[in-house]
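Here is how names work: the chains are called A, B, and so on, in the same order as the sequence lines, proteins then strands, and each is numbered from 1. Fair warning: this is a prediction, and the values are worked out from it, not measured in the lab.
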There are 2 protein chains.
Amino acid sequence: MSNNLQLEKQLCFRLYSLNKLMCRLYAPLLKELALTYPQYLVMMVLWQYQEGISVKDLGGQLDLDSGTLSPLLKRMEKQALIKRERQTKDERVVLIKLTQAGINLQQSAEHIPAKMFAVTGLSAENLQALNLTLDQLIENIGN
Amino acid sequence: MSNNLQLEKQLCFRLYSLNKLMCRLYAPLLKELALTYPQYLVMMVLWQYQEGISVKDLGGQLDLDSGTLSPLLKRMEKQALIKRERQTKDERVVLIKLTQAGINLQQSAEHIPAKMFAVTGLSAENLQALNLTLDQLIENIGN
DNA sequence: AACAAATGAGTTGTACACAATCAAATAGCG
DNA sequence: CGCTATTTGATTGTGTACAACTCATTTGTT
């Protein structure tokens, strides 16, 4: 009677569930900004790289490949949040830059992290400890 | 200079990344069984409910709705891992049951949890503590 | 019995993820 | 210089997620 193959025992299932729960918690907040969750992640990177960032480096930050990013960025371009400029120096790389609207959106997003922290019901210490554990895990299994 | 909107600081991003990393670690093992990761989760539920389970209850276990499960189950039926039987008692519910091939697959999957545990690089105690923390978090934010 | 509300499953449309493949551009080497 | 290998991004195809909707079948109420 091997009990190993049980959902409730497995770390992977908790991560799977928690990730989905998190996305659902973000959804209503992000809807006000007309962003999906992955688009919000992209925006967070761009707010830190206002000088622009290549699709490749963006993918490096988010651990996503161009197969995911290209259509996603195209949708964001249609919403006028970003613009794409092909680098003259190396015609292969496309630089992603925020538009003014994209820059302005940062203010509207400022309240989100605190709100999300509140719903976790964790103390600041517990959150930090959890983050460290997860970082360790990412380090262990990441490639 | 609000640093709140930074990827590295946010729990959600760790969960997002870890979930993806986990899926990628499972992928090669599951490929041998011709299963995707969500299909593997479904199989784990079915191995515990060999008498059959309704689509609704399956969705309850996995936190998925029929919009996701219906096509997924259809693909698994095409692979002859499961069969669907409409209940006579209540014609609305469809009972999902394993085929013999689906039952047999459990043996082939038996080695997976131990293998996955190994790659986490966590001690049994640390894994248990992490599981408890995540359970608490799921409890806090789940609905 | 009659009929409105609720339930269970499926369908449709949108948006990720990712493998596999492709095309263009550049770098590197003989 | 010319040729090949690599790099970068885009495209295609498959498989989730999920909201919104449809449809058939109960269930509840009168």
Side-chain angles (χ1 to χ4, degrees), chain A residues 12-13 15-28 30-31 34-43 52-60 62-79 81-82 84-96 143, chain B residues 12 15-28 30-31 34-43 52-60 62-79 81-82 84-96:
Chain A
C12 67
F13 185 61
L15 293 173
Y16 171 77
S17 296
L18 254 179
N19 182 51
K20 280 195 304 176
L21 285 173
M22 276 290 182
C23 288
R24 287 181 206 156
L25 283 178
Y26 273 96
L30 294 178
K31 189 165 189 178
L35 290 176
T36 66
Y37 184 71
Q39 287 168 8
Y40 171 67
L41 297 179
V42 167
M43 290 302 288
I53 185 173
S54 71
V55 173
K56 161 127 177 111
D57 290 345
L58 183 56
L62 299 173
D63 195 14
L64 289 172
D65 67 5
S66 68
T68 301
L69 283 176
S70 286
L72 189 157
L73 292 171
K74 208 174 281 186
R75 283 186 285 271
M76 292 178 73
E77 187 182 33
K78 204 182 294 180
Q79 293 182 255
L81 291 174
I82 62 167
R84 304 116 131 333
E85 298 170 2
R86 205 162 275 275
Q87 254 184 9
T88 48
K89 182 177 134 183
D90 184 341
E91 295 269 349
R92 288 171 306 182
V93 344
V94 171
L95 223 60
I96 306 297
N143 86 48
Chain B
C12 67
L15 294 173
Y16 171 77
S17 296
L18 254 179
N19 181 51
K20 280 194 304 175
L21 285 173
M22 276 290 183
C23 290
R24 287 180 208 157
L25 283 179
Y26 273 97
L30 294 179
K31 190 164 190 179
L35 290 176
T36 66
Y37 184 70
Q39 287 168 8
Y40 172 65
L41 298 179
V42 167
M43 290 303 287
I53 185 172
S54 72
V55 174
K56 161 130 176 108
D57 290 345
L58 183 56
L62 298 173
D63 195 14
L64 290 172
D65 67 5
S66 69
T68 300
L69 284 176
S70 285
L72 189 157
L73 292 171
K74 205 175 285 185
R75 283 185 285 272
M76 292 178 73
E77 188 181 33
K78 204 182 296 179
Q79 294 183 253
L81 291 173
I82 62 166
R84 305 119 142 322
E85 298 171 2
R86 204 161 276 276
Q87 253 185 8
T88 48
K89 183 177 134 182
D90 184 340
E91 296 267 352
R92 287 171 307 183
V93 344
V94 170
L95 224 59
I96 306 297

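In this structure, B:V42 and B:L72 have side chains that are in contact, with non-hydrogen atoms separated by less than 4.5 Å.
In this structure, A:L69 atom CG and C:dA19 atom C1' are separated by 15 Å, rounded to whole Å. Rounded to whole angstrom, the span from the CG atom of B:L15 across to the P atom of C:dA17 amounts to 14 Å. One atom, CG of A:L64, and another, C1' of C:dA15, lie 13 Å apart when rounded to the nearest Å. Rounded to whole Å, atom P of C:dA9 lies 10 Å from atom CD1 of B:I53. Going from atom CG of A:N19 over to atom C1' of C:dC16 covers 12 Å, rounded to whole Å. Spacing between atom CD of A:Q79 and atom P of C:dT14 amounts to 14 Å, rounded to whole angstrom units. With rounding to whole Å, B:R86 atom CZ is found 13 Å from C:dT7 atom C1'. Atom-to-atom, CZ of A:R75 to P of C:dG13 comes out at 17 Å; the value is rounded to the nearest Å.
Residues meeting the salt bridge (charged side-chain N to carboxylate O under 4.0 Å, His left out) test with A:E91, sequence neighbours left out: none. Under the side chain to side chain contact (heavy atoms under 4.5 Å, CB included) criterion, B:D65 pairs with B:T68, not counting sequence neighbours. A search for ring-ring contact (aromatic ring centres under 6.0 Å, His included) contacts involving A:Y26 returns A:Y37, A:Y40, not counting sequence neighbours. For A:R75, there are no salt bridge (charged side-chain N to carboxylate O under 4.0 Å, His left out) partners at least two apart in sequence or on another chain. B:S70 pairs by the side chain to side chain contact (heavy atoms under 4.5 Å, CB included) definition with B:S66, not counting sequence neighbours. Remark: A:D90 pairs with A:R92 by the salt bridge (charged side-chain N to carboxylate O under 4.0 Å, His left out) rule, at least two apart or across chains. Remark: B:R86 engages no residue in a salt bridge (charged side-chain N to carboxylate O under 4.0 Å, His left out) (not counting sequence neighbours). With sequence neighbours left out, the side chain to side chain contact (heavy atoms under 4.5 Å, CB included) criterion links B:K74 to B:R84. By the side chain to side chain contact (heavy atoms under 4.5 Å, CB included) test, A:I82 pairs with A:L46, A:L73, A:M76, A:E77, A:I96, A:L98, sequence neighbours left out.
In this structure, A:K20 and A:S54 both approach DNA chain D, and ranking their closest nucleotides by distance from the 5' end singles out A:S54. Comparing B:A27 and B:V93 by the nucleotide of DNA chain C that holds the closest heavy atom to each, the one mapping nearer the 5' end is B:V93. Mapping A:Y16 and A:V55 onto DNA chain D by nearest heavy atom places A:V55 at the nucleotide closer to the 5' end.
Checking side-chain atoms of A:K20 against main-chain N and O of B:D63 turns up a donor-acceptor pair under 3.5 Å. No donor-acceptor pair closer than 3.5 Å links the side chain of B:Q87 to the backbone N or O of B:S54.
Contact check, A:T36 against C:dT14: no side-chain N or O comes under 4.0 Å of OP1 or OP2.
On the nucleic acid side, DNA chain D has its first and last nucleotide under 4.0 Å of a heavy atom of chain A at D:dT7 to D:dC18, going 5' to 3'.
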Summary of protein contacts for nucleotides 20-27 of chain C, nucleotide by nucleotide, where a base hit scores B, a sugar-phosphate-only hit scores S (4.0 Å, heavy atoms): -----BS-
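Using a 4.0 Å heavy-atom cutoff across all strands shown, B:R24 reaches sugar-phosphate atoms only and no base atom.
Note on the helix from C:dA1-D:dT30 to C:dG30-D:dC1: terminal axis deviation equals 10°, with five pairs used at each end and the result rounded to 10°.
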